[in-house]
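What follows is a short report on a single structure.
Position 1 is the first residue of the sequence; numbering continues from there.
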Amino acid sequence: QVQLVESGGGLVQAGGSLRLSCAASGRTFSTNAMGWFRQAPGKERELVAAIRWSGGSTYYARSVKGRFTISGDNAKNTVFLEMNSLNSEDTAVYYCAARRYSSALVSTRAGWEYWGQGTQVTVSS
């Protein structure tokens, strides 16, 4: 029924930039927060950036702080991730996620009710 759809992934050279987009499809729904997770082979899925609609509070993993910027539109259930100064450690499948019943920007997968299918980001040198 409700799905999130990501776009914008691809191949980029180290030092380059990419902009990921995520939008909801299906029935209309409201969210308290949206964010981006990523998962590299052999690693846990980790929260890299998130935004709480009320007040606009944001979270960034320390590995991306200063390089990534999250933004979005609550009314449109849309979120973006601007990624700059990309390096090989950023290579992963990036997933858009949304919280329906809580605004807490937790770093674990639990509690994020809606997910996208993922988009591959590959950083080359």
Side-chain angles (χ1 to χ4, degrees):
Q1 288 195 22
V2 178
Q3 287 196 97
L4 303 177
V5 181
E6 306 99 333
S7 62
L11 176 65
V12 64
Q13 285 230 326
S17 300
L18 281 176
R19 184 173 185 264
L20 304 183
S21 300
C22 173
S25 64
R27 64 175 294 172
T28 301
F29 69 101
S30 62
T31 61
N32 285 312
M34 294 186 74
W36 292 92
F37 286 74
R38 70 183 181 188
Q39 187 165 23
K43 295 185 178 180
E44 297 286 335
R45 187 173 298 189
E46 64 172 340
L47 179 66
V48 297
I51 183 167
R52 183 166 58 199
W53 299 129
S54 180
S57 298
T58 57
Y59 163 86
Y60 295 97
R62 60 184 178 182
S63 60
V64 307
K65 188 174 295 184
R67 300 188 297 118
F68 290 12
T69 302
I70 188 169
S71 62
D73 187 335
N74 179 37
K76 298 179 180 179
N77 288 327
T78 301
V79 68
F80 306 96
L81 186 67
E82 181 70 38
M83 305 183 293
N84 300 310
S85 301
L86 288 163
N87 58 65
S88 60
E89 300 301 311
D90 298 315
T91 295
V93 177
Y94 284 71
Y95 298 89
C96 177
R99 300 206 72 177
R100 179 73 184 276
Y101 305 108
S102 176
S103 62
L105 304 182
V106 296
S107 59
T108 58
R109 187 171 182 175
W112 295 84
E113 292 86 4
Y114 303 115
W115 291 86
Q117 81 286 353
T119 185
Q120 177 71 47
V121 171
T122 302
V123 183
S124 64
S125 61

Inset, instruction - Establish whether Leu86 and Ile70 are linked, either directly or via other cluster members, by ILVMFWY side-chain heavy-atom contacts under 4.5 Å. - result: yes
Legend entry - Option among Asp90, Val93, Val121 that satisfies the side chain to side chain contact (heavy atoms under 4.5 Å, CB included) test with Arg38: Asp90
Legend entry - Note, Met83 side chain near Arg67 side chain (heavy atom, < 4.5 Å): no
Inset, instruction - Evaluate side chain to side chain contact (heavy atoms under 4.5 Å, CB included) for Trp112 paired with Val106, printing each intermediate quantity in order. - result: CA-CA 9 Å; Trp112 295 84; Val106 296; 3.4 Å; yes
Legend entry - Ring-face cation of Arg19 near Phe80 (centre distance under 6.0 Å, axis angle within 45°): yes
Legend entry - Full working for side chain to side chain contact (heavy atoms under 4.5 Å, CB included) between Ser30 and Arg100: CA-CA 7 Å; Ser30 62; Arg100 179 73 184 276; 4.0 Å; yes
Legend entry - Close side-chain approach of Glu46 and Gln39, heavy atoms under 4.5 Å: no
Inset, instruction - Report yes if some heavy atom in the side chain of Thr91 is under 4.5 Å from a heavy atom in the side chain of Gln120; otherwise report no. - result: yes
Legend entry - Set of residues satisfying salt bridge (Lys or Arg N to Asp or Glu O under 4.0 Å) with respect to Glu89, sequence neighbours excluded: Lys43
Inset, instruction - Look at the side-chain heavy atoms of Ile, Leu, Val, Met, Phe, Trp and Tyr, link any pair under 4.5 Å apart, and say whether Trp36 and Leu105 land in one connected group. - result: no
Inset, instruction - May I have the step-by-step check of side chain to side chain contact (heavy atoms under 4.5 Å, CB included) for Trp53 and Met34, ending in yes or no? - result: CA-CA 8 Å; Trp53 299 129; Met34 294 186 74; 3.6 Å; yes
Legend entry - Axial cation check for Trp115 ring with Arg45, 6.0 Å and 45° limits: yes
Inset, instruction - Kindly give the heavy-atom pair with the smallest separation between Glu82 and Ser17, and that separation in Å. - result: OE2-CB, 4.2 Å
Inset, instruction - Say whether Leu20 and Val48 are linked into one hydrophobic cluster, either directly or through other cluster members, by side-chain heavy-atom distances under 4.5 angstrom. - result: yes
Inset, instruction - For Arg109, enumerate each residue passing the salt bridge (Lys or Arg N to Asp or Glu O under 4.0 Å) test, keeping only those at least two apart in sequence or located in another chain. - result: none
Inset, instruction - Hey, could you give me each pair passing disulfide (SG to SG under 2.5 Å) that has a residue in residues 11-116? Not counting sequence neighbours. - result: Cys22-Cys96
Inset, instruction - Look at the rings of Tyr94 and Phe68 and say which category their plane angle falls in: under 30° parallel, 30 to 60° tilted, over 60° perpendicular. - result: tilted
Inset, instruction - In sequence, state the C-alpha distance, the side-chain angles, and the governing distance for Leu4 and Glu6, and then conclude on side chain to side chain contact (heavy atoms under 4.5 Å, CB included). - result: CA-CA 7 Å; Leu4 303 177; Glu6 306 99 333; 5.6 Å; no
